[in-house]
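Single-structure report; data block below.
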Amino acid sequence: MSKNGGPLFLLFTTFLLLYLISLIWNMVIFAVIFLDGHLQKPMYFFLCNLSSVDILYVSIAVPKLLDIIKTGNNKVSFIACYTQMYCFTSLACTEICLLTTMSYDRYIAICRPLHYTLIMHKRMCNLLVVGCWAFGFSNSLFVTIFASRLSFCGSTNLNQFFCDMKTLTKISCGDKKEFQAMIFIESLLVGFCPFVLILMSYTKIISNILKMKSVGQRKKAFSTCTSHITVLLLFYGTLLCRYMIPPSENSEQLDQVFSVFYLAVTPTLNPLIYSLRNKDINIAILNILLMSKN
């Protein structure tokens with residue numbers, strides 16, 4: 001960091017702080033949900049898994065970014081690139097599945113409250129979570145194997161601080177048609193279809209909430225959904241900006257901005273959104289702090 005030491009040091013410090021805040025807040029949420037008996041509910045069980053995904057997210061991408069800022073070296077071996085891509089894609093697929101599951105949980109809780117305990121029992125929740133993790137990592141294996149068939153012209157110099165499908169497509173010099181077709185199918189099945197299911201769930205949820213006669217009931221129902229909707233907007237908003245914006249003169253700079261937001265800022269904001277807007281988590285944190293003082 002000798003050249004342009006001031007700006008680089010500020011950049012390094014900013015991302016280090018984001019990394020530490022994300023780790024600490026997600027670990028706090030994980031620990032609070034695990035320790036507090038009042039939070040042993042499906043919604044918090046899914047949130048606990050989402051925090052685990054966010055911890056792994058930042059741990060995969062941000063340390064490499066800090067190393068690039070410190071050394072100025074953005075070269076990476078193909079093995080390291082494919083490994084990072086596999087982990088990143090696994091976690092992205094797992095998070096999409098978890099967010100879809102959480103929207104289904106809210107749909108059952110608000111639209112079919114009398115059947116909630118019958119449908120979202122412990123075994124069902126465990127199966128849903130295991131299915132999300134298994135789907136994420138198995139689907140990522142398929143994508144990574146497909147990506148390993150790409151041919152490159154000896155370049156290992158990346159303009160991004162992490163490897164993903166878009167980055168590999170850019171530096172590939174062979175025939176990309178099959179790989180691009182696979183990306184389109186993946187985007188449709190793994191990205192768009194869950195998004196449609198989430199929209200359908202929340203359309204029915206909002207319609208059901210508006211039909212409630214009690215203002216108190218409406219406020220309580222909305223309060224349980226606003227945090228999840230905010231996280232969904234952050235996740236899908238940055239994801240769409242990263243992968244759907246057409247190429248332009250400034251596309252590489254925009255990619256880097258959205259990549260940083262997607263992999264560093266969003267996992268930092270997620271636990272803050274859930275903790276600041278959720279009374280149960282706030283009360284649980286205060287109780288644990290009071291117990292630790294006594």
Side-chain angles (χ1 to χ4, degrees), residues 21-59 91 94-137 194 197-198 201-202 204-205 208-209 212 216-232 235 267-294:
I21 291 169
S22 179
L23 283 181
I24 291 167
W25 268 108
N26 278 296
M27 285 179 179
V28 165
I29 285 188
F30 185 93
V32 166
I33 293 172
F34 183 78
L35 293 172
D36 195 291
H38 298 95
L39 299 180
Q40 304 306 308
K41 300 174 183 177
M43 181 174 72
Y44 298 112
F45 177 60
F46 299 135
L47 179 56
C48 193
N49 279 271
L50 190 65
S51 292
S52 302
V53 170
D54 285 338
I55 289 168
L56 294 172
Y57 252 143
V58 292
S59 299
L91 294 169
T94 303
E95 181 154 358
I96 288 170
C97 189
L98 283 171
L99 290 172
T100 308
T101 302
M102 290 171 79
S103 67
Y104 175 71
D105 172 70
R106 291 300 83 206
Y107 165 73
I108 298 296
I110 293 169
C111 298
R112 301 180 65 186
L114 298 177
H115 299 89
Y116 184 74
T117 53
L118 294 173
I119 297 171
M120 301 303 292
H121 50 80
K122 188 175 181 180
R123 185 169 177 271
M124 174 59 74
C125 293
N126 288 333
L127 286 172
L128 287 169
V129 166
V130 170
C132 285
W133 285 94
F135 167 73
F137 281 84
L197 290 174
I198 291 168
S201 296
Y202 273 101
K204 291 182 179 180
I205 287 169
N208 198 275
I209 290 172
M212 292 178 180
Q217 280 185 322
R218 285 202 297 269
K219 284 184 177 180
K220 185 178 179 181
F222 269 122
S223 69
T224 62
C225 298
T226 50
S227 298
H228 187 227
I229 291 171
T230 307
V231 169
L232 278 169
F235 179 80
T268 306
L269 292 175
N270 284 354
L272 293 173
I273 291 166
Y274 276 113
S275 60
L276 291 174
R277 297 187 64 87
N278 191 295
K279 290 182 181 179
D280 292 337
I281 290 179
N282 286 330
I283 292 168
I285 291 171
L286 286 173
N287 288 338
I288 290 172
L289 290 173
L290 290 172
M291 287 173 63
S292 63
K293 287 182 180 180
N294 295 333

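All residue numbers in this chain count up from 1 along the given sequence.
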Check: Do W133 and N49 pass the side-chain contact (heavy atoms from CB on, under 4.5 Å) test, and can you show the C-alpha distance, the side-chain angles, and the key distance before you say yes or no?
Finding: CA-CA 9 Å; W133 285 94; N49 279 271; 3.1 Å; yes
Notebook entry, point to check: Does the pair V28 and S51 meet the rule for a side-chain contact (heavy atoms from CB on, under 4.5 Å), with working shown?
Noted result: CA-CA 9 Å; V28 165; S51 292; over 6 Å; no
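- Between I110 and M212, the closest side-chain pair of non-hydrogen atoms falls below 4.5 Å.
- Put simply, the side chain of N270 reaches to within 4.5 Å of the side chain of E95, judged on heavy atoms.
- With contacts defined as side-chain heavy-atom distances shorter than 4.5 Å, the pair I24/P271 does not qualify.
- Between V32 and I281, the shortest heavy-atom contact is CG1-O, 4.4 Å.
- Side-chain contact check for D54 versus F30: every heavy-atom pair is 4.5 Å or farther apart.
- The two residues T101 and C132 make their nearest non-hydrogen contact at OG1-SG, 3.5 Å.
- Atom CZ of R106 is separated from atom OH of Y116 by 5.0 Å, given to the nearest 0.5 angstrom.
- With N126 contributing its side chain and K122 its backbone, the two residues share a donor-acceptor pair below 3.5 Å.
- The main-chain N or O of L99 is found under 3.5 Å from a side-chain atom of H228 such that the two form a donor-acceptor pair.
- The CG atom of L50 sits 9.5 Å away from the CD1 atom of I33 when rounded to the nearest 0.5 Å.
- T100 approaches P194 most closely through the heavy-atom pair OG1-CB, 3.4 Å.
- Summarising the local packing, NE2 of H121 is surrounded by more than 12 heavy atoms from other residues, nucleotides or ligands at distances under 6.0 Å.
- In summary, the side chains of Y44 and D36 do not present any donor paired with an acceptor at a separation below 3.5 Å, with no hydrogens or angles considered.
- Nearest heavy-atom pair across S103 and I205 is O-CD1, 4.0 Å.
- When side chains are defined from C-beta on, M120 counts as touching L128, because their heavy atoms get closer than 4.5 Å.
- Between the Q40 side chain and the L35 main chain, no donor and acceptor come within less than 3.5 Å of each other.
- Note that the NZ atom of K41 and the CG atom of D280 stand 5.5 Å from one another [nearest 0.5 Å].
- The shortest non-hydrogen separation linking C125 to F45 is O-CE2, 3.6 Å.
- Judged purely by atom type and a 3.5 angstrom limit, N26 uses its side chain to pair as donor or acceptor with the backbone of P267.
- Using modelled atom types, no side-chain atom of H115 and backbone atom of L118 make a donor-acceptor pair closer than 3.5 Å.
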Next item on the list: Begin with the C-alpha distance, continue with both residues' side-chain angles, and end with the deciding distance and a verdict on side-chain contact (heavy atoms from CB on, under 4.5 Å) for I55 and M27.
Entry: CA-CA 8 Å; I55 289 168; M27 285 179 179; 3.9 Å; yes
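- You'll find the side chain of F34 stays beyond 4.5 Å of the side chain of C48, heavy atoms only.
- Here the straight-line distance linking atom CD1 of I108 with atom OG1 of T117 works out to 11.5 Å at 0.5 Å rounding.
- Looking only at side-chain heavy atoms (C-beta outward), W25 and T268 stay at 4.5 Å or farther from each other.
- Heavy atoms only, all atoms of each residue included: T94 and G136 are closest at OG1-CA, 3.6 Å.
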